[in-house]
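First comes the structure, then the notes that go with it.
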Amino acid sequence: MGNEESTPIDDSVPSRTLSSRSIEGLAEHIKNGSAQRIVVMTGAGISTSAGIPDFRSPGTGLYANLARLNLPYAEAVFNISYFRENPEPFYTLAHELYPGKFRPTITHSFIYLLQKKGLLLKLFTQNIDCLEREAGVTDENIIEAHGSFARQSCIDCKLPYSADELKKHIDEKTIPRCHDCKGLVKPEIVFFGEALPPAFFQSRDLPGEADLAIVMGTSLTVQPFASLPMLVRESTPRVLINNDRAGDLGSRADDVLLLGDCDAGVRKLAAACGWLEELEELWKATAPKTADQIAKSDEPLKDKNEVLQDEIDQLTKEVDETLNLAKWHEATVRQELAARAEPAPSTKSNDQQTSLKTDEETESTSGLKEDASQPQNDSVDHLQDSEKPKM
């Protein structure tokens, strides 16, 4: 139930609640005030553009890339029995996925925009990454069906554990233990073998109270979350923003399918509602603020090609600076070697001065000095060549 694809509704069947089964009809439903209690349901697909892999995509999903952890099977990293025996693989993964390392996507900001406009009844999410929170969605508006990194506790006595202490352990790649019973501590992510949080079951009636349901970035394959869209009333419009059809979405008269990238889909919906500029501003505010970024906070966000060009320009600048430094070093070495090559003043003994009496002997001696100085200059030139930096 919930993960099977039903037959899409025929195009000839008219919509009942919406003026049309389209993004324009959906936007009209929102703008005219008919959608005041919106339920949003999300999965890993809304976070992939943030750099967080989903779980099940062949080749690129999280489970497909866990061989390095030497697990008996990929899902063991989230198995409570395996965690009790060997918590290290989970904490290795937690070091990579811990909140604060990823920026919310514009889809997360869209959910926050719904909250800001007073339209969000509840967000149901399967994600554990806390990016909704990072975008601004408040705790009371979120049901994290599979838990998240937002809270942590002992797996035995259930005593809450400090978030700051857990982060320190994750940063240091050490295993936290309960201060009371010495049991293992983990974030309150729902592992295989654990029950879903009570808040999920206490809120399952909310989809039936909604006047619009938005489902994004999920294949609706994991129960009981997968059945949530089916709890929406038949007369309530549902929209699916996802790469592919999922569940029974598309089988009702007021189902709207926006198939494709989630970020592109919410931009289209926001534009149809007249919210796109406001949405882009909210997403811009989620950009990480380093000292340099704070100084440039008024600059517009750059796309991937612009960022790549900036990196190329910076690399070119660094190469130029390196070449200039090499030229300066070569000139300095030449100056030092030239200074060493100048003949030192000759101090002759009294016996030598006595032996140089005649002009002929003096000229002969002078000639010897000039002949002797030439090999010395050749030697300096050779030394200079050997000292030149190799480019």
Side-chain angles (χ1 to χ4, degrees), residues 2 6 8-9 13-43 45-46 105-127 132 135-138 140-143 145 200 203-218 220 225-242 245-260 262-276 278-279 282:
S6 54
I9 194 165
V13 177
S15 56
R16 298 176 184 174
T17 303
L18 300 176
S19 60
S20 64
R21 198 162 42 245
S22 64
I23 192 170
E24 292 79 16
L26 182 62
E28 181 184 342
H29 182 71
I30 296 171
K31 290 189 293 183
N32 68 17
S34 298
Q36 295 289 322
R37 296 167 62 81
I38 300 176
V39 164
V40 178
M41 307 167 191
T42 63
I46 74 167
T105 68
I106 198 165
T107 301
H108 295 100
S109 292
F110 177 76
I111 302 169
Y112 174 52
L113 178 60
L114 294 177
Q115 173 185 283
K116 190 179 177 191
K117 290 183 176 295
L119 302 178
L120 182 64
L121 175 59
K122 194 69 72 175
L123 164 65
F124 290 84
T125 182
Q126 300 170 87
N127 298 341
E132 301 88 359
V137 182
T138 55
E140 62 268 21
N141 281 331
I142 304 175
I143 298 296
F200 174 80
S203 303
R204 286 193 72 192
D205 60 332
L206 292 180
E209 299 176 14
D211 44 32
L212 175 63
I214 302 176
V215 182
M216 301 188 287
T218 174
L220 294 176
F225 189 96
S227 63
L228 287 178
M230 300 181 70
L231 302 179
V232 176
R233 291 173 296 181
E234 188 76 24
S235 60
T236 298
R238 304 182 302 177
V239 56
L240 175 68
I241 304 175
N242 198 48
R245 281 194 63 212
D248 75 331
L249 275 297
S251 65
R252 296 184 182 180
D254 292 293
D255 284 353
V256 177
L257 304 184
L258 301 179
L259 300 185
C262 287
D263 292 344
V266 299
R267 279 189 166 103
K268 289 177 183 176
L269 180 54
C273 292
W275 299 346
L276 184 56
E278 186 177 1
L279 174 61
L282 289 178

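For clarity, every value in this text was computed on a predicted model and none was experimentally measured. By convention here, the first residue in the shown sequence is residue 1.
- Within the 4.5 Å cutoff, no side-chain heavy atoms of Ile106 are placed close to those of Leu282.
- In this structure, the side chain of Asn127 engages the main chain of Gly43 through a donor-acceptor pair within 3.5 Å.
- The closest donor-acceptor contact from the side chain of Arg245 to the backbone of Leu249 lies under 3.5 Å.
- Looking at every heavy atom in both residues, Ala270 comes nearest to Leu279 through CB-CD2, 3.7 Å.
- The two residues Gly208 and Arg233 have their closest heavy-atom pair at O-NE, 3.1 Å.
- Side chains of Val39 and Val232 form no contact here, defined as non-hydrogen atoms less than 4.5 Å apart.
- Between Lys117 and Glu278 there is a side-chain heavy-atom pair separated by less than 4.5 Å.
- In this structure a side-chain-to-backbone donor-acceptor pair under 3.5 Å is present from Asp255 to Arg252.
- With sequence neighbours excluded, no residue forms a side chain to side chain donor-acceptor pair (under 3.5 Å) with Gln36.
- Looking at heavy atoms from C-beta onward, Leu123 lies out of side-chain contact with Asn141 at the 4.5 angstrom threshold.
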Show your reasoning for whether side-chain contact (heavy atoms from CB on, under 4.5 Å) applies to Leu114 and Ile214.
CA-CA 11 Å; Leu114 294 177; Ile214 302 176; 4.2 Å; yes

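- In this structure, Lys122 contributes its side chain and Glu140 its backbone to a donor-acceptor pair below 3.5 Å.
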Criterion side-chain contact (heavy atoms from CB on, under 4.5 Å) on His29 and Val256, from CA distance to verdict
CA-CA 12 Å; His29 182 71; Val256 177; over 6 Å; no

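- If you take OG1 on Thr236 and CD on Glu209, they are separated by 11.0 Å, rounding to the nearest 0.5 Å.
- In this structure, the side chain of Arg238 engages the main chain of Pro229 through a donor-acceptor pair within 3.5 Å.
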Enumerate, atom names and distances included, each donor-acceptor pair closer than 3.5 Å involving a side-chain atom of residues 21-28, sequence neighbours excluded.
{"from": "Arg21", "atom 1": "NH1", "to": "Val13", "atom 2": "O", "distance (Å)": "2.9"}
{"from": "Arg21", "atom 1": "NH1", "to": "Ala253", "atom 2": "O", "distance (Å)": "2.8"}
{"from": "Arg21", "atom 1": "NH2", "to": "Asp10", "atom 2": "O", "distance (Å)": "3.4"}
{"from": "Arg21", "atom 1": "NH2", "to": "Val13", "atom 2": "O", "distance (Å)": "2.7"}
{"from": "Ser22", "atom 1": "OG", "to": "Ser20", "atom 2": "OG", "distance (Å)": "2.6"}
{"from": "Ser22", "atom 1": "OG", "to": "Glu24", "atom 2": "N", "distance (Å)": "3.4"}
{"from": "Ser22", "atom 1": "OG", "to": "Glu24", "atom 2": "OE1", "distance (Å)": "3.3"}
{"from": "Ser22", "atom 1": "OG", "to": "Gly25", "atom 2": "N", "distance (Å)": "3.2"}
{"from": "Glu28", "atom 1": "OE1", "to": "Ser19", "atom 2": "OG", "distance (Å)": "2.8"}

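- Taking each heavy atom of Asp254 and Ser15 in turn, the nearest pair found is OD1-CB, 3.4 Å.
- Interatomic distance, Asp263 CG to His108 NE2, rounded to the nearest 0.5 Å: 9.0 Å.
- With sequence neighbours left out, Asn32 forms a side chain to side chain donor-acceptor pair (under 3.5 Å) with Ser34.
- Atom CG of Leu269 is separated from atom CH2 of Trp275 by 7.0 Å, given to the nearest 0.5 angstrom.
- The shortest side-chain heavy-atom distance between Val266 and Ile241 falls under the 4.5 Å cut-off.
- In this structure, a donor-acceptor pair under 3.5 Å is present between the side chains of Thr125 and Thr42.
- Between Ile46 and Cys262 the shortest heavy-atom distance is CG2-SG, 4.1 Å.
- No donor-acceptor pair under 3.5 Å is formed between the side chain of Asp211 and the backbone N or O of Ala35.
- One distance of note links CG of Leu228 with OG1 of Thr218; it measures 9.5 Å at 0.5 Å rounding.
- No more than 12 heavy atoms of other residues, nucleotides or ligands lie within 6.0 Å of NZ in Lys268, so this atom counts as exposed by the packing criterion.
- In this structure, CZ in Arg204 is found 5.5 Å from CG in Leu231, a value given to the nearest 0.5 Å.
- What you find for Phe124 and Ser203 is that their closest heavy atoms are CZ-O, 3.3 Å.
- Between Ala145 and Phe200, the closest heavy-atom pair is CB-CD1, 3.6 Å.
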Stepwise side-chain contact (heavy atoms from CB on, under 4.5 Å) check, Val40 with Leu120:
CA-CA 8 Å; Val40 178; Leu120 182 64; 3.8 Å; yes

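- Panel note: side chain Thr17, backbone Ser235; a donor-acceptor pair is recorded below 3.5 Å.
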